[in-house]
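Labels below follow one simple rule: chain letters A, B, ... track the order of the sequence lines, proteins then strands, and each chain is numbered from 1. Nothing here was measured: the structure is a model prediction, and the numbers come from that model.
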Protein chains: 2
Amino acid sequence: METEYETRPREAIARILRAEPRFLSAAELCARLEESGTPVSRATVYRTLERLAAKGEAALRLNDRGEATFMSCDNGHHHHAICRSCGRVEDVACGALDTFVDRLRSLHGFQLDDHSLEFHGKCRSCV
Amino acid sequence: METEYETRPREAIARILRAEPRFLSAAELCARLEESGTPVSRATVYRTLERLAAKGEAALRLNDRGEATFMSCDNGHHHHAICRSCGRVEDVACGALDTFVDRLRSLHGFQLDDHSLEFHGKCRSCV
DNA sequence: AGGATTTTGAGACTCGTTCTCAAAATGCCG
DNA sequence: CGGCATTTTGAGAACGAGTCTCAAAATCCT
Ligand SMILES: [Zn+2]
Ligand SMILES: [Zn+2]
Ligand SMILES: [Zn+2]
Ligand SMILES: [Zn+2]
């Protein structure tokens with residue numbers, strides 16, 4: 001069998017993630033866990049984050065230093081607007097680019113000054 | 001003063017990058033340099049890539065394992081379509097999303113099956 | 001060639017991430 | 001309640017990409 005246990009570390013990690021609209025690194029998560037009186041080892045933090053990401057309950061993002069960061073994130077396909085100064089993340093539903101920008105300005109009050117866009121698929125010679 | 005020298009390692013690296021429409025990691029670059037009879041140390045490879053990226057002659061990208069990869073890339077703002085199987089990169093000029101997708105299909109013959117989009121700027125509370 | 005300056009390479013080092021494995025926790029069943 | 005099989009955890013070793021150091025080599029200028 002392969003049952004799943006509900007453990008203190010897992011709950012503590014999930015609680016912190018759910019309360020923060022930001023991508024947190026494993027190190028930051030460790031620090032917060034320590035502060036909140038529920039220290040969790042690095043190994044467990046990584047294992048739990050990997051598990052959450054696999055279940056689609058957390059989004060994984062590599063920051064500009066290549067470190068893995070995680071954020072609580074519901075399943076559906078959408079994109080992220082990330083604040084340069086505080087890191088706050090606004091979820092933006094997928095649609096045409098213009099709609100995106102409009103929504104960012106009006107709905108989220110987000111001042112857009114840069115974006116990165118990457119397509120993935122198969123090139124001509126790979127069908 | 002601070003003159004720049006034209007050296008064998010730098011030329012070898014630039015030559016490989018210019019011939020490959022793919023993002024290459026420092027390790028891959030080292031291997032190719034070795035093969036082509038011009039071994040270059042890791043340190044120099046990293047220094048040269050950093051230099052090229054700073055001059056806007058190479059694009060930097062973190063792959064899904066967080067490793068830095070580089071590709072010869074001209075200055076202007078544009079986006080990338082990356083083949084899932086061979087890694088070939090098609091440059092796509094910036095414009096509305098619909099135009100992007102059309103261009104990918106017709107001009108590049110690129111079969112799009114996923115994309116990632118990230119906005120950067122300032123959130124409401126950071127002005 | 002001579003010499004000031006820049007560049008290189010070998011290897012030590014850093015640090016994020018993964019691995020190992022014995023100890024602890026969990027849930028179940030008698 | 002105790003055992004008990006199973007899962008999870010933690011401390012620390014191991015790993016690997018990237019950076020740093022500094023003496024030796026290369027480059028350019030005269
Ligand atoms: Zn902000
Ligand atoms: Zn989308
Ligand atoms: Zn391809
Ligand atoms: Zn653009």
For the side chain of R47(A) and the base of dG10(D), is some donor closer than 3.5 Å to an acceptor across the two?
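Checked by distance alone, the answer is yes.
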Look at the side chain of Y5(A) and the base of dT26(C), then say whether one donor and one acceptor between them are separated by less than 3.5 Å.
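A donor-acceptor contact between them is present.
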Pairwise 5' ranking along DNA chain C for L62(A) and R10(B), keeping only the more 5' one
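Looking at DNA chain C, the more 5' nearest nucleotide goes with R10(B).
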Using OP1 and OP2 only, check whether a side-chain N or O of [X] sits under 4.0 Å from [N].
X      : N      : value
T44(B) : dG9(C) : yes
T3(B)  : dT6(C) : no
T7(B)  : dT8(C) : yes

Measure from [atom1] on [X] to [atom2] on [N] and round the result to the nearest Å.
X      : N       : atom1 : atom2 : answer
E11(B) : dT8(C)  : CD    : C1'   : 15 Å
R65(A) : dG18(D) : CZ    : P     : 14 Å
E50(A) : dT8(D)  : CD    : P     : 13 Å
L49(A) : dG16(C) : CG    : C1'   : 13 Å
R51(B) : dT8(C)  : CZ    : C1'   : 13 Å
E4(A)  : dT6(D)  : CD    : C1'   : 13 Å
R8(B)  : dA25(D) : CZ    : C1'   : 12 Å
E28(A) : dG16(C) : CD    : C1'   : 13 Å

Can you confirm whether more than 12 heavy atoms, excluding those of E50(A), are under 6.0 Å from its CD atom?
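Not buried by this count: 12 neighbours or fewer within 6.0 Å.
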Would you mind checking if R51(B) and E4(B) are paired as a salt bridge, meaning a charged N to carboxylate O distance below 4.0 Å?
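Salt bridge: yes.
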Test: E20(B) and R32(B) ion pair at under 4.0 Å
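Salt bridge present between E20(B) and R32(B).
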Need to verify one output field. Residue with the more 5' nearest nucleotide on DNA chain D, A43(B) or T48(A)?
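First, find each residue's nearest nucleotide; the 5'-ward one identifies T48(A).
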Between Y46(B) and P9(B), who's closer to the 5' end of DNA chain D by nearest nucleotide?
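The residue mapped nearer the 5' terminus is Y46(B).
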Is there a donor-acceptor contact under 3.5 Å from the side chain of R10(A) to the main chain of Y5(A)?
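Answer holds: yes.
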Just by modelled atom types, is the L112(A) backbone N or O under 3.5 Å from a matching donor or acceptor in the R105(A) side chain?
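No, because the side chain of R105(A) does not come within donor-acceptor range (under 3.5 Å) of the backbone of L112(A).
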Heavy atoms from C-beta onward define the side chain here; which of dT7(D), dG10(D), dT18(C) lies closest to that of S41(A)?
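In terms of side-chain proximity for S41(A), the closest of dT7(D), dG10(D), dT18(C) is dG10(D).
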Pick base, sugar-phosphate or nothing for A68(A), based on heavy-atom distances below 4.0 Å to the nucleic acid.
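The residue A68(A) makes sugar-phosphate contact but no base contact.
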